[in-house]
Amino acid sequence: MSMGSTVLSIKIGHKILPGRVCIGLYDGKSPCLTCATYGERVCIEGQILQFSFSNILLLKLKKTHELIPGKSVDAVAEDITFLNINQPITCIAAGPMYRTSDRYYLFVGTQTNVFGYDVENNKDLFFKEVVDGVNCILTGCLSGVELGSGDSLAIAGGNCSLQGFDAEGTDVFWTVTGDNVGAIALLDYDGDGENEMVVGSDDFDIRVFKSDQIIGEASETDTISHIAPLKGSTFAYALTNGTIGVYERLQRLWRIKSKNHALAIVGFDFDGDGFPELVTGWSNGKMDIRNVKNGEVLFKDNFNHPLAGIFTVDINQDGKMHLICCDVEGEVRIYQPSSHDGRMLYISPNVEQEAIRELSIKKHHLLLELKNYDASGAMKSSTGSTTTDPSSRSRQREAGAIPTKTTLQTAFSINMGSDEKGAHIEITLSLNNDAQIRSALIFAEGIFQGECHVVHPKLEALQSKISVPLMPPKNVVVDLHIKAYVGFSDSEHFHVFEMTRQIPRFSMFAVCKDPNPQEITSFVRVPIQERPARLVMWINQNFLLAEEIDFKTGFSVSFISLRNHQELSFEVETSGTTIIRTNDMDLAGDITEAEYPDEITHLVRAVEEYQESNDRLGADISDQSGVIKTLLIRAEDARLIGDIKGMRKWYMQLHDANRNLINQHQIRCNMAENISESIKAVNQIIQKAARLRVGKPKANVITACRDALRVKNIEAISRIIKSGAT
Amino acid sequence: MELNLSRVDYLHGGSSFPNCIKILPTFSEDKAQHRLVVANREGNVQVVGWGKSEVITICRFNLGTLISALSLGGAVGTAKDKIFLASGNMIRGFTKKGKLFLEFDTNLAESIQNMFVTGSHLLVCGKNVYNQYEDCQDTGFYVSDDEITAVLALQVDKVGKLVPVISCRDRTLKVMDKAKVRYLFHLDGIPTALGLFNGDGGDIGSDVLVGSSDGCLCLVSIGDESAILRWTHDTETSAGVTCVDFYDVTANGGKELLVGFDDGTVQVYGIDGDDYQLVPPRLLFSQTCNESVTGITGGIFGADNFEEVLVVTYSGWVYGLTTETIDKKIRVDDGTFSISVDTRQKLEKLRHSDIIIIYRTEIDDLQERVIQERDKYQTATQTASSGFSVVPFFKVNDKMVLNREDASYLLTIEVESPIDTILIQSDVPIDLLDVERNSAVVSYSECEPDSGNFLLVTFRCQANTTRIEVRLRTIEGQHGTVRAYVTPRILPKCCQVRTFSVKSLSLHVRSHGFDVNRPYNTLKINGTFSAVEMHSWLSNCIPEMPARAPSSGEAAITFLSTFFDTILHCTFSKGTAEFKSDNVSTISILKDWITKEATNKKINLDIDCEFNDESVLHTLQLIRPKLDGYLSLTKQVALIEALKEIQAHDPDFEKILSSEYKYILNNADKLKAMHKRQPNYLDRLFGMITDLYIDKHKYNGINVKSRVPQLMEVLDKQNFDALVDFFQAPIYETRGSYI
């Protein structure tokens with residue numbers, strides 16, 4: 001389906017870095033496509049070292065009537081402006097900062113900095129160093145944040161942290177999340193008229209922040225790459241494994257998974273009904289528009305290259321939104337709204353044809369199914385009396401006949417493992433008669449290498465029972481979608497038994513026979529208002545237990561982790577106060593007291609050390625590059641005057657200096673990696689510590705830790721983690 | 001594309017068989033709508049016309065048995081408007097009004113697969129049997145060693161006598177005379193579709209168009225004593241040709257060539273009217289739907305005055321590619337509407353929406369019935385105390401063919417209903433390469449070492465996927481089975497397994513050119529085996545062996561390695577067999593295989609191997625262009641990004657570029673695609689060179705496995721002369737012989 005004459009197409013002639021594209025109305029009126037493009041690279045000894053330069057390209061978008069519909073035009077050079085950024089750009093965003101002005105400001109994030117830029121007046125707003133690095137950035141208002149200047153924030157998501165800057169670059173907001181931030185969106189989640197922040201991170205979680213408090217959390221199945229607000233509390237998300245979907249608050253409306261992955265998602269009212277549709281740009285160059293409620297595809301288009309960005313913009317400044325899509329090779333397509341009723345000209349001639357085709361396909365399949373029931377009824381009546389004739393029996397088997405009343409049962413159990421295979425849980429599939437399981441497919445997200453695990457025993461070893469080992473890496477509830485092919489070893493046709501089973505959240509913990517809870521030095525004490533009976537119920541539901549724990553007024557139970565053999569124990573007193581002992585802080589939740597002192601001291605020291613040597617190396621490198629310049633000039637001079645021997649000498653020296661430089665660069669790279677790892681770990685600890693508390697104390701812990709970090713007061717951090725912020 | 005055709009869906013005729021639609025000829029005024037005859041496998045036949053928006057059924061009848069072939073015919077000099085249908089070994093003739101006028105039992109031993117009617121002659125083919133009849137009198141039969149894929153006869157009124165031509169899987173055309181083979185004509189590919197050129201055999205009636213399983217079209221002129229290949233055209237679809245026809249779609253007075261492929265592609269070619277024997281056809285139109293095409297024909301069907309191509313797909317959809325430009329009816333150019341366009345658009349919409357409503361109600365009714373039946377079925381399976389529950393039968397159209405170009409197998413699976421999941425399991429090491437066109441989510445599952453699995457891959461298909469392609473790369477010397485478990489989205493949920501064997505010499509294909517001048521290694525085997533036994537041993541080892549043992553008791557068959565271009569020539573008869581190959585590895589694999597088979601049958605063999613030292617160097621020379629070609633391709637691909645970047649920053653850059661770099665820039669996409677098609681190609685090549693090295697020394701009784709790391713070092717240097725030297729260096733150190 002091509003849109004034919006309804007598309008305006010512009011070729012920029014430059015590559016666009018995916019995801020690093022935005023639209024800015026820098027003069028307050030005319031839209032300007034802003035994208036990061038490749039800068040210079042230095043090629044040394046055949047290997048390409050990215051010497052860290054990107055450019056930002058600004059393209060003024062003309063009003064649509066100045067363009068010829070259906071034709072592809074090249075962008076005119078005078079419409080293009082470049083901004084040189086001497087660092088690799090990780091993300092860009094543009095937005096207005098003052099309520100009094102429509103002018104947009106450009107914000108650019110790099111691996112170490114974030115800066116604001118006033119494009120119209122060609123001057124900097126601010127330039128800030130961000131040690132965590134910036135993965136994604138956006139602008140907008142956020143409820144509960146006091147601003148120093150301006151009316152909007154630029155929010156940068158980094159290594160487990162979220163930072164908000166006002167128009168002067170003061171960081172007025174800081175909080176932490178579970179892992180690297182992959183996507184941020186601002187939307188009115190609770191319907192109070194102010195924006196909340198939805199953050200997706202690399203630990204597969206989507207969290208909703210109101211100010212710095214988490215008010216909602218949803219677990220996904222892979223790293224979250226994009227979140228886009230749709231309407232009200234509805235938002236769309238995309239994962240790196242190719243899934244896209246829509247949430248209404250924390251209720252997932254639908255999701256689909258594709259072989260390709262989404263590179264851009266945006267909400268856009270495509271059919272003019274006042275509600276947005278979801279526009280997705282894929283890595284294979286496909287663009288589709290889907291119904292937000294059910295994911296049905298309403299429109300498709302194909303690009304020749306992966307998509308780099310999609311936006312909506314009022315290009316003619318007449319209040320009508322256009323859809324703009326660009327691919328990584330710099331093709332920009334503008335989809336214009338229709339001239340009469342504001343709806344787009346998407347009526348491709350084949351839309352109805354296709355609807356008819358789809359309906360008749362549906363009809364065909366229903367008829368086929370009906371026919372199948374007829375046929376299977378016929379077969380049964382002819383073989384209803386159990387035949388003893390072996391040849392007809394084998395014919396039946398080949399056709400996939402199995403005894404009626406065959407059922408498939410499943411059971412979970414814990415296997416303490418052997419020498420070859422560590423401890424794990426397993427699911428056993430078994431049939432109630434002599435029919436055999438030819439193969440079993442288990443589809444589940446996040447616990448296998450791919451999305452599916454297959455068991456296919458040798459034909460001579462088919463049984464009516466098979467066990468599948470499972471090792472969920474995280475403490476989350478996992479749905480297993482099981483398909484079992486049931487028949488006999490000589491069958492060519494099989495019955496497919498389908499069922500869904502859930503692994504309990506703490507399935508990877510086995511009851512410990514001789515517990516030794518005193519050895520666990522870290523613990524959390526919780527005063528629980530609930531009756532202990534409720535706690536027993538909770539344990540029964542969330543752990544895999546051979547037999548359920550009986551209710552007693554006070555009890556203790558110990559588990560051992562199948563992952564790392566660490567112990568976890570619950571001591572429930574009659575009053576309801578519970579002590580949860582574990583050395584794994586992540587494991588402990590909803591709690592008030594903890595002891596986790598050592599780790600953090602070590603990490604913060606490491607960060608400091610790395611930073612020092614990094615600075616030292618940076619100085620070295622600038623010295624060296626001075627040397628290189630001189631050497632190069634000398635060598636070239638020697639060449640010009642024909643002093644080949646001299647030239648050779650200088651070039652040899654240059655070669656050495658060059659090699660030195662590369663080595664140092666390598667060291668710096670490693671160092672930077674170490675720093676970011678350590679910072680990430682620190683942020684994660686703060687986040688975990690915050691998770692041990694609920695409500696206001698939770699937010700307080702984060703702020704207090706931040707302050708302590710800033711003044712490098714490590715003892716204070718330990719104290720805060722232990723007893724909360726006061 | 002020069003020709004602009006738009007798709008219109010007409011009807012669903014039920015599961016199709018090859019060439020199951022034909023346009024009935026009319027004598028009425030020019031350019032009026034034609035009628036179409038459509039048959040389906042289940043025995044339903046209908047003659048239909050097209051009204052304004054729906055099918056008008058002229059007549060409809062049911063044979064009550066499966067139909068396998070459809071042909072139109074008529075007495076010489078009259079219109080070919082009689083419908084002939086083959087089912088089992090019966091032939092029935094119907095008039096265009098649906099009246100039965102002929103019922104005839106052919107007494108053929110096999111069920112009829114192909115049929116051709118011309119004048120009073122009737123030609124029918126089973127899998128291997130060919131039989132001809134005149135006025136229903138048997139005039140002779142012939143049994144072919146290999147499977148027959150298509151049959152036709154030259155026009156009797158043009159060539160003066162009956163000249164039947166049958167195509168066989170052994171890459172031959174057999175030109176018949178009185179049910180005897182007059183001569184064989186060798187083809188490069190496996191012929192899968194035959195058509196009389198221009199519908200009548202061309203100028204003197206002797207030209208036949210042949211389509212092959214590797215997507216080639218060629219024109220063959222059938223002479224009295226021999227045939228001439230006029231041209232071969234590679235359609236570059238890498239899909240098999242399933243049907244061909246000729247029709248004047250462009251209404252320019254000359255017929256065009258219509259071709260249907262098993263990957264769903266439909267192509268229309270222009271033919272040079274005067275020099276058609278010299279000038280290959282020119283592509284005018286190409287379009288792909290997602291189901292394989294089983295029949296194609298041309299006519300005027302949807303609307304008066306508009307020629308169109310009529311296509312039937314595997315699951316039985318009949319659609320037209322019409323010259324009527326539907327687009328124009330509702331094209332809206334940059335916001336300006338002309339009233340007539342607008343009204344037409346509304347009318348058009350109205351027409352369609354009516355149909356949609358009718359369909360919706362129909363579907364609602366059906367859905368209700370389905371739910372009832374589903375419940376009934378559920379209770380039946382759970383309450384019946386004894387007895388068996390069976391799964392619905394569904395037909396799977398599958399094939400696994402070797403692609404000559406990159407020596408990989410293309411596995412295709414097609415089902416009439418949408419596919420839910422496919423599980424591919426292999427007990428032999430193979431590489432699986434995903435095909436870009438697939439939209440299914442692929443997931444590789446871990447294989448436990450002792451489970452007998454080397455590959456477990458699931459394909460979870462998107463809605464409405466009925467066809468999936470997978471590319472597989474095999475390793476010669478390894479044999480086993482690939483299984484595909486196909487689960488369609490039908491209820492009750494069921495699954496069917498299809499098995500494909502991977503043979504030891506999996507990369508060999510049948511060939512007809514035995515070049516006597518190559519340096520051959522020879523393997524001679526004598527023993528107490530029959531020709532049939534040897535035939536069956538070889539059938540399990542080499543693909544494309546004839547389906548039956550040679551009727552004469554002697555066989556001489558030549559094969560070509562698609563990877564190395566080396567030759568394997570087999571001759572065998574009772575008690576003796578001789579194999580010649582210029583690749584020593586091939587001989588080695590064959591020897592191991594036959595020894596194993598004979599041991600299983602407790603037959604003593606007398607084996608004599610003659611190793612030709614020159615052959616190794618010869619094989620290396622054959623590899624050289626592949627090796628060099630791939631290395632330079634890798635280099636070129638690595639440069640693409642860098643060149644493009646410089647180009648982006650300096651528009652004048654191209655002027656100063658060397659021709660090689662210019663070539664890279666201009667062909668960047670093509671080069672990238674070529675490179676992507678062959679992942680790990682070098683590893684594969686190196687693996688084969690290593691085998692060659694080991695096998696070479698094996699014949700001298702030396703085990704050189706310990707020297708393989710050194711060979712790898714030499715290979716990494718990418719110096720061909722060094723490689724030759726390494727191969728020829730004498731080895732003194734012997735570590736036990738194992739010949």
Side-chain angles (χ1 to χ4, degrees), chain A residues 5 13-15 38 43 69 242 257-259 338-339 345 347 349 352-353 355-357 359-370 372-373 375-376 379-380 383-384 386 396 399-405 439 441 448-454 456-458 483 485 492-496 498, chain B residues 8-9 12 326-327 329-335 349 352 355-356 359-360 362-363 366-367 369-370 373 376-377 380-382 384 386-393 416-417 421 423 425 439-446 451-453 456 458 464 485 487 490-491 493-497 642 645 648:
Chain A
S5 61
H14 290 271
K15 283 188 183 220
Y38 291 106
C43 189
K257 191 174 169 188
S258 158
K259 185 166 113 176
S338 146
S339 45
L345 290 183
I347 320 153
E352 265 109 0
Q353 264 284 329
I356 292 175
R357 192 182 307 161
L359 284 172
S360 55
I361 287 173
K362 208 168 165 188
K363 181 181 150 191
H364 174 60
H365 294 150
L366 287 169
L367 283 171
L368 257 179
E369 195 181 335
L370 272 182
N372 289 339
Y373 291 124
S376 65
M379 177 86 172
K380 218 175 314 166
T383 59
T386 21
Q396 276 177 26
I402 56 167
T404 48
K405 278 186 169 174
S439 182
L441 282 66
F448 303 125
Q449 206 182 336
E451 60 165 18
C452 178
H453 181 76
V454 182
H456 185 278
K458 285 182 187 165
K483 286 178 204 282
Y485 299 161
E492 273 176 21
H493 296 255
F494 302 92
H495 285 259
V496 178
E498 286 183 310
Chain B
V8 187
D9 288 280
H12 185 258
I326 295 172
D327 270 44
K329 286 184 184 166
I330 52 170
R331 172 164 294 164
V332 192
D333 289 317
D334 57 279
K349 268 177 116 176
H352 283 306
I355 305 173
I356 292 177
Y359 265 114
R360 287 244 159 91
E362 253 182 290
I363 284 172
L366 275 173
Q367 222 141 20
R369 270 175 62 200
V370 164
E373 289 290 323
K376 242 196 257 170
Y377 174 85
T381 51
Q382 291 310 319
S386 70
F388 292 92
S389 129
V390 288
V391 285
F393 175 81
E416 281 178 36
S417 326
T421 36
L423 162 65
Q425 179 265 349
S439 60
V441 179
V442 188
S443 167
Y444 290 78
S445 175
E446 228 175 294
S451 60
N453 300 317
L456 286 170
T458 50
N464 290 335
Y485 292 84
T487 312
I490 48 175
L491 288 165
K493 263 282 166 70
C494 58
C495 158
Q496 197 180 125
V497 62
E645 219 173 282

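A, B, ... follow the sequence lines: proteins, then strands. Residue 1 opens every chain. In what follows, every heavy atom counts, from backbone to side chain, and hydrogens, waters and symmetry copies are set aside. What you are looking at is a predicted structure, and each value in this text was computed from that prediction instead of being measured.
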Fill in the blank from the handout: Whatever's closer than 4.5 Å to a heavy atom in chain A on B:Ile363 counts as both
Exercise for the section: Could you tell me which portion of B:Ser417 (side chain, backbone, both or neither) has an atom closer than 4.5 angstrom to a non-hydrogen atom of chain A? Expected result: both
Fill in the blank from the handout: So, the part of B:Glu446 with a heavy atom under 4.5 Å from chain A: the answer is both
Exercise for the section: Answer yes or no: is there a side-chain heavy-atom contact under 4.5 Å between B:Cys495 and B:Val497? Expected result: no
Problem - Separation between CD of B:Gln367 and CD of B:Glu362, rounded to the nearest 0.5 Å - result: 12.5 Å
Practice task
Examine whether an atom of B:Gln425 lies under 4.5 Å from a heavy atom of chain A, and if so say whether it belongs to the side chain, the backbone or both; otherwise answer neither.
Solution key: side chain
Problem - Side chain / backbone / both / neither for A:Leu441 at chain B, heavy atoms under 4.5 Å - result: side chain
Handout entry: Which portion of A:Tyr485 sits near chain B, non-hydrogen atoms under 4.5 angstrom
Key = side chain
Problem - Minimum side-chain heavy-atom gap B:Ser445-B:Thr458 below 4.5 Å - result: no
Practice task
Could you label the plane-to-plane angle of the B:Tyr485 and A:His456 rings as parallel, tilted or perpendicular, counting under 30° as parallel and over 60° as perpendicular?
Solution key: perpendicular
Practice task
Taking the side chain as every heavy atom from C-beta outward, state whether A:His495 and B:Lys493 have any pair of such atoms under 4.5 Å apart.
Solution key: no
